[in-house]
Amino acid sequence: MSIEEIKEYILSAEPTAAFDETGEWLNILISPEAWKPLAEKLKQGVLLFDYLFCLTCIDWKTHLAMVYHLSSTTYRHSIVIRANLDRDRPRIETVSDTWRTSEFHEREVFELFGVEFLHHPDLRKLILTDDFEGFPLRKDFEDPINMIKL
Amino acid sequence: MYTQTDIIKDTTQPGPDGTEGELVINVGPQHPATHGVLHLVITLNGETIQKIEPHLGYIHRSIEKMCESLSYRQFIYVTSRMDYLSAHINNLGCAQCVEKGMQIEVPGRAQVIRVLMSELTRIASHELWIGAMAMDLGAFTPFFYTFRERETINDIMEETCGARLTMNYMVPGGVMYDLHPDFHKRVKAFVAQFKHKVTELDDLVTNNIIFQSRTKGVGILSREDAISYGCTGPVGRGSGVNCDIRKLYPYAVYDTLSFDEVVETAGDSFARYMVRVKEMYQSISIIEQLIDNIPEGEFQAKTKAVLKLPKGEFYTRVETARGEFGVYIVSEGATTPYRIKFRSPGFSNLSALHHMAKGSKIGDLMATMGTLDLVIPDIDR
């Protein structure tokens, strides 16, 4: 499907979405509250985005940005969904029931960035030890023993 | 990660309704069948698996954080330490991402060398997997046969790249050195050896009735679930998903080659095994197409001493022996990346394990987990 058709569908589902076409794929900026209902529509609707191939977070120092790379195994089109989160209290709805792979990926983002995924079935630390403090992939994380500054 | 309280959480006491009690057993972190420090906490009811919880992080090095303080030439070396059985292909994915950002044109000779090395790596990785998989299921002999082929490939790698496992051969702009003078001869000899000896593998493993009855119908993953869990590589293709990046988004010279994407539809452990075996034949075919047609010329493009990616975001993906490996670089225009994310195939494949093994017997777990081809440093990163 063409980019225009994708845009049109997303605007009908989420009128506040903002688009950016500077990158390789169509970037869609949404508010965190809009993510869960939009995710359902992206997977079940005509666009058939059934494959979430990358889920990650970026710390922009002023805010955190969730980045979801979606693709469709039927139409082979891809989009990037972004949602900016408050750095002091980052929270967004989980999509682990829509794309099952995000259950592990969200746990990873939870421990490394401190993003809280609401209604996640099993939000615990996956890689770090349970008593680990801090969020290592945030830019202000300091570890004087293990981190070597070049 | 694992904490002490997990050990004493459950007992073998019968449940309140008189049913059999739950039993929690730990597989790993040091277990011969997990091939690395993976720790599975398995909840059993009798012999039936109710729940599998992977505990990761025993070799977590925070490679993504490390990369944020390394230059665009340096960070590639770290990625060899992730999926060490596909080191070449990991390096290739990173090199391509830097090339995409800086719009570096890679010489034709380097492109062909990259594909040759990738396919040799794929064969070596699958050979190791088949040996280890057969050993998990109790057959010790195939291990020696598959390692004989793998050793030959490792020797070829050592001659040209100077290393057997973490080659660090792909650099932005091409490859690090030119091919060793003996490369052509050695690869030809390997192809002949592989074709001659590969029937042994069929006799020992593929047509082995014990192996077949232990893997057929075990660990079934449907096509929809494979997509939903993000399973790629032989795991996805064993479930009928067309997910070969070499076909879908061709890179290097893959679009000029004739090879088939191997897809099986059964979705069980045997299908995943067959995908890997057939992929080795495809890789041999690719090597045969290229080995006599390596173009002359430069093996590395001229690049600046200090690489700087323009401000922006770049994503590339390559097909490793385990599946889709994605490199996501966020650049602020500096000499080091602002943020790097590695989308490792093993991490997503492992997330499907609970779904695949739930309700089956614990004896089938190794046949299910083995076919995921887990490389733990790739999952932990």
Side-chain angles (χ1 to χ4, degrees), chain A residues 20 22-25 27 43 48-61 65 67 69 71-74 76 78 80 82 96-109 111-113 122 124-132 136-139 141 143 146-150, chain B residues 1-3 5-6 53-62 64-66 68-71 74 100 223-232 236 241-243 248-249 312-317 324 326-328 330 332 336 338-343 347-352 354-355 379-381:
Chain A
D20 172 17
T22 48
E24 185 182 357
W25 297 302
N27 287 281
K43 192 183 177 191
L48 291 176
F49 282 107
D50 51 359
Y51 177 35
L52 177 75
F53 63 92
C54 186
L55 187 162
T56 189
C57 185
I58 304 166
D59 181 11
W60 289 108
K61 290 177 186 157
V67 185
H69 286 74
S71 180
S72 163
T73 52
T74 315
R76 298 287 167 207
S78 306
V80 186
R82 290 160 198 281
S96 55
D97 46 351
T98 312
W99 298 284
R100 306 287 291 274
T101 181
S102 54
E103 185 178 335
F104 268 41
H105 280 94
E106 283 175 353
R107 276 176 75 180
E108 194 191 4
V109 171
E111 65 188 337
L112 299 177
F113 285 94
D122 188 18
R124 287 178 297 126
K125 287 196 164 95
L126 179 66
I127 290 171
L128 306 173
T129 49
D130 287 347
D131 53 355
F132 193 92
L137 281 184
R138 285 200 188 186
K139 289 287 173 186
F141 178 79
D143 184 349
N146 298 311
M147 262 169 68
I148 301 160
K149 287 259 167 73
L150 294 173
Chain B
M1 276 287 273
Y2 176 69
T3 45
T5 49
D6 290 340
E53 251 185 275
H55 289 254
L56 305 174
Y58 288 93
I59 37 172
H60 175 63
R61 294 145 291 178
S62 204
E64 290 172 10
K65 185 83 175 174
M66 279 161 72
E68 286 175 13
S69 56
L70 296 174
S71 77
Q74 291 169 326
K100 191 179 195 175
R223 185 175 186 275
E224 287 69 33
D225 288 330
I227 296 170
S228 183
Y229 278 105
C231 295
T232 48
V241 187
N242 290 80
C243 55
L248 294 177
Y249 312 98
E313 302 188 355
F314 308 96
Y315 192 97
T316 52
R317 37 193 162 184
E324 174 180 341
V327 185
Y328 177 51
V330 181
E332 281 283 87
T336 56
Y338 186 77
R339 163 106 175 93
I340 278 197
K341 157 85 182 167
F342 296 113
R343 188 256 185 231
F347 190 77
S348 298
N349 291 353
L350 175 69
S351 70
H354 165 68
H355 179 76
I379 297 167
D380 278 359
R381 282 163 290 145

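Every chain is numbered from 1 and lettered A, B, ... according to where its sequence line falls, protein lines coming before strand lines. Just so you know, these numbers come straight off a predicted model, no measurement behind them. Note that these values count all heavy atoms, side chains included, but never hydrogens, waters or copies made by symmetry.
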Under the ring-ring contact (aromatic ring centres under 6.0 Å, His included) criterion, do A:W99 and B:Y229 qualify, and how do the steps go?
-> CA-CA 7 Å; A:W99 298 284; B:Y229 278 105; over 10 Å; no
Region of A:S72 in contact with chain B, defined by heavy-atom distances below 4.5 Å = neither
Give every residue pair that meets the salt bridge (charged side-chain N to carboxylate O under 4.0 Å, His left out) criterion with at least one member in residues 98-108 of chain A, sequence neighbours excluded.
-> A:R107-A:D122, A:E108-B:K341, A:E108-B:R381
With rounding to the nearest 0.5 Å, note down the distance linking OG1 in A:T101 to CG in B:D225.
-> 12.0 Å
Any side-chain heavy atom of A:E24 sitting closer than 4.5 Å to one from B:E313?
-> no
Residue pair A:C54 / B:Y315, side-chain heavy-atom distance below 4.5 Å | yes
Inter-residue atom distance A:Y51.OH - B:E324.CD, 0.5 Å rounding = 3.5 Å
What part of B:Y249 gets closer than 4.5 Å to chain A, counting heavy atoms only: side chain, backbone, both or neither?
-> side chain
In terms of heavy-atom proximity below 4.5 Å to chain A, should B:T336 be classed as side chain, backbone, both, or neither?
-> neither
Under 3.5 Å, is there a donor-acceptor pair between the side chain of B:Y338 and the main chain of A:D59?
-> yes
What closest approach, in Å, do A:K43 and B:S228 show between heavy atoms, and which atom pair accounts for it?
-> NZ-OG, 4.3 Å
Partners of A:T56 by side-chain hydrogen bond (donor to acceptor under 3.5 Å, both in side chains), sequence neighbours excluded?
-> B:R339
In Å and rounded to the nearest 0.5 Å, what is the NE2 to OG distance from A:H105 to B:S351?
-> 7.5 Å
Segment of A:S78 engaging chain B (4.5 angstrom heavy-atom cut-off) = side chain
Separation between CG of A:L126 and NE2 of B:H60, rounded to the nearest 0.5 Å | 10.0 Å
Atom of B:I227, atom of A:D50 and distance for their closest heavy-atom approach | CG2-O, 3.3 Å
Quick one: are A:V67 and B:Y328 in side-chain contact, heavy atoms under 4.5 Å?
-> yes
Quick one: pull up CD1 in A:I127 and CG in B:D380 and give me the separation to the nearest 0.5 Å.
-> 6.0 Å
Close side-chain approach of B:E53 and A:R124, heavy atoms under 4.5 Å = yes
Top contributor to chain A interface from B:R317, B:E64, B:E224, B:M66 [non-hydrogen pairs under 4.5 Å] | B:R317
A:T98 versus chain B, heavy atoms under 4.5 Å apart: side chain, backbone, both or neither?
-> backbone
Between A:F53 and B:R343, is there a cation-pi geometry (under 6.0 Å to ring centre, at most 45° from the normal)?
-> no
Got a second to check how far B:S62's OG is from A:L137's CG, nearest 0.5 Å?
-> 5.0 Å
